[in-house]
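Here is the structure we will look at.
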Amino acid sequence: MVFIPDFRLGLLNGWIPFSVYLAVFGIIISCFSKEVRKRLYDRSLWTKKQIIVTTAGKLITFANLILICLSPIRFNCHVFIIGVALWTIGLTGLAAALIVYADTPPDSPVTGGVYRISRNPQIFSIWIIFTGTCFIIGSGVSFLLFVVSLVFLHQSVIAEEEACLKQYGNSYRKFMEKIPRYFLFF
C-alpha cells in the first residue's frame, strides 16, 4: 500500500470496482416499486443541520471517488486480496439489506434478515465496500479521505435513526435496544 498512488487515467483503475458496485446497486433498486425507492431516499424528517453535515460527508466522498477512479488497481499489492474480500462481503451485505428493506411493509421498521445484526446494514455495507476499494487500489490517502468522510456520514446514521424513532415510535426504540448501530458491539 502506498500513501499517494500514481494518479492516471487507465483501464485498470479503481473505477472498475466502483462501477460494478453502482451497477449492482442500480439493478437491485430498479426492481423496487416507486414507493420503496421513495422511502429509501426520504429525508423529510431530517433537520437542516443533519442534511448539511451529511452533504459535507458526501462531498468528501465524491472527492475520494475521483481519486479512486484515477488510481490504478494494485494487483501485486498484498492488500489487494483483502480489498477484494472486503468489497465482496460489503456488496453481498448491501444486496441482502436492500432486499429485506424492500420486502418490509412501509408501516413497520425493518428488523429482519441482516437487520438482526445491524440497525444500519446498508450504510455499514457501503462502508465495507469503500474500505475494500481503498485496499484494491492500495491508497493510503484514499483510505484517509474515507475515514474523514465517516465522521460526517455517521451523522446521516443518527438522522436516520431519529427519523425512524419519530416514524415508528416504541417499536423502533425496542429494536434499538436489542440491535447494535453498526455491527456486533458498536
Side-chain angles (χ1 to χ4, degrees), residues 1-32 36-37 40-41 53-102 113-115 117-160 180-186:
M1 186 173 251
V2 296
F3 187 72
I4 299 175
D6 191 19
F7 301 120
R8 64 176 186 267
L9 293 174
L11 292 177
L12 296 176
N13 281 9
W15 65 267
I16 294 173
F18 180 69
S19 296
V20 173
Y21 148 69
L22 280 182
V24 170
F25 181 79
I27 289 167
I28 291 171
I29 66 167
S30 71
C31 297
F32 295 168
V36 170
R37 285 194 304 272
L40 188 62
Y41 293 105
V53 171
T54 300
T55 301
K58 289 180 180 181
L59 290 173
I60 295 168
T61 300
F62 182 72
N64 196 14
L65 286 174
I66 293 170
L67 190 146
I68 287 169
C69 289
L70 293 175
S71 299
I73 294 174
R74 295 179 48 93
F75 294 103
N76 60 348
C77 185
H78 63 281
V79 294
F80 173 77
I81 299 297
I82 296 168
V84 170
L86 288 170
W87 183 89
T88 303
I89 290 166
L91 193 61
T92 303
L94 178 62
L98 287 168
I99 291 166
V100 170
Y101 183 89
V114 291
Y115 285 85
I117 57 173
S118 171
R119 292 194 309 257
N120 300 283
Q122 291 179 40
I123 193 71
F124 185 68
S125 294
I126 290 170
W127 292 351
I128 293 172
I129 291 167
F130 268 86
T131 301
T133 303
C134 292
F135 282 33
I136 288 170
I137 63 171
S139 171
V141 72
S142 180
F143 187 72
L144 181 64
L145 273 175
F146 169 66
V147 171
V148 170
S149 73
L150 288 180
V151 174
F152 291 91
L153 295 174
H154 170 71
Q155 297 306 309
S156 68
V157 171
I158 302 294
E160 293 262 345
R181 175 172 284 147
Y182 294 118
F183 185 68
L184 297 177
F185 55 86
F186 62 94

Roughly how far, to the nearest 0.5 Å, is the [atom2] atom of [Y] from the [atom1] atom of [X]?
X	Y	atom1	atom2	value
Ser149	Leu65	OG	CG	9.5 Å
Leu98	Leu94	CG	CG	4.5 Å
Ile16	Leu12	CD1	CG	5.0 Å
Arg181	Ile123	CZ	CD1	12.5 Å
Phe130	Leu150	CZ	CG	10.0 Å
Leu86	Leu91	CG	CG	12.5 Å

Which heavy atom of [X] sits nearest a heavy atom of [Y], and at what distance?
X	Y	answer
Ala96	Val114	CB-CG1, 4.0 Å
Phe146	Cys134	CB-SG, 4.2 Å
Pro17	Ile73	CD-CD1, 4.2 Å
Pro121	Tyr115	CD-CE2, 3.3 Å
Ile4	Val141	CA-CG1, 4.4 Å
Ala97	Gln122	CB-CG, 3.7 Å

If you define the side chain from C-beta out and look only at heavy atoms, does anything of [X] sit under 4.5 Å from [Y]?
X	Y	result
Tyr101	Leu40	yes
Ile29	Tyr41	yes
Ile137	Pro72	no

Task: Any donor-acceptor N or O pair under 3.5 Å, side chains Ser71, Asn13 - done: no

Open item on the list: With a 6.0 Å cut-off on the ring centroids, do Tyr182 and Trp127 count as close?
Closed with: yes

Open item on the list: Show, in sequence, the C-alpha distance, side-chain angles and deciding distance for Leu153 and Lys58, and conclude whether the side chain to side chain contact (heavy atoms under 4.5 Å, CB included) test is met.
Closed with: CA-CA 7 Å; Leu153 295 174; Lys58 289 180 180 181; 4.1 Å; yes

Under the 3.5 angstrom rule, does the side chain of [X] hit a backbone N or O of [Y] as a donor-acceptor pair?
X	Y	result
Arg37	Phe32	yes
Asn64	Ser142	yes
Trp87	Phe135	no

Open item on the list: Phe183 vs Ile128, test: side chain to side chain contact (heavy atoms under 4.5 Å, CB included). Steps then yes/no.
Closed with: CA-CA 11 Å; Phe183 185 68; Ile128 293 172; over 6 Å; no

Open item on the list: Taking CZ in Phe75 as the centre, count heavy atoms belonging to other residues, nucleotides or ligands within less than 6.0 Å. Is the count above 12?
Closed with: yes

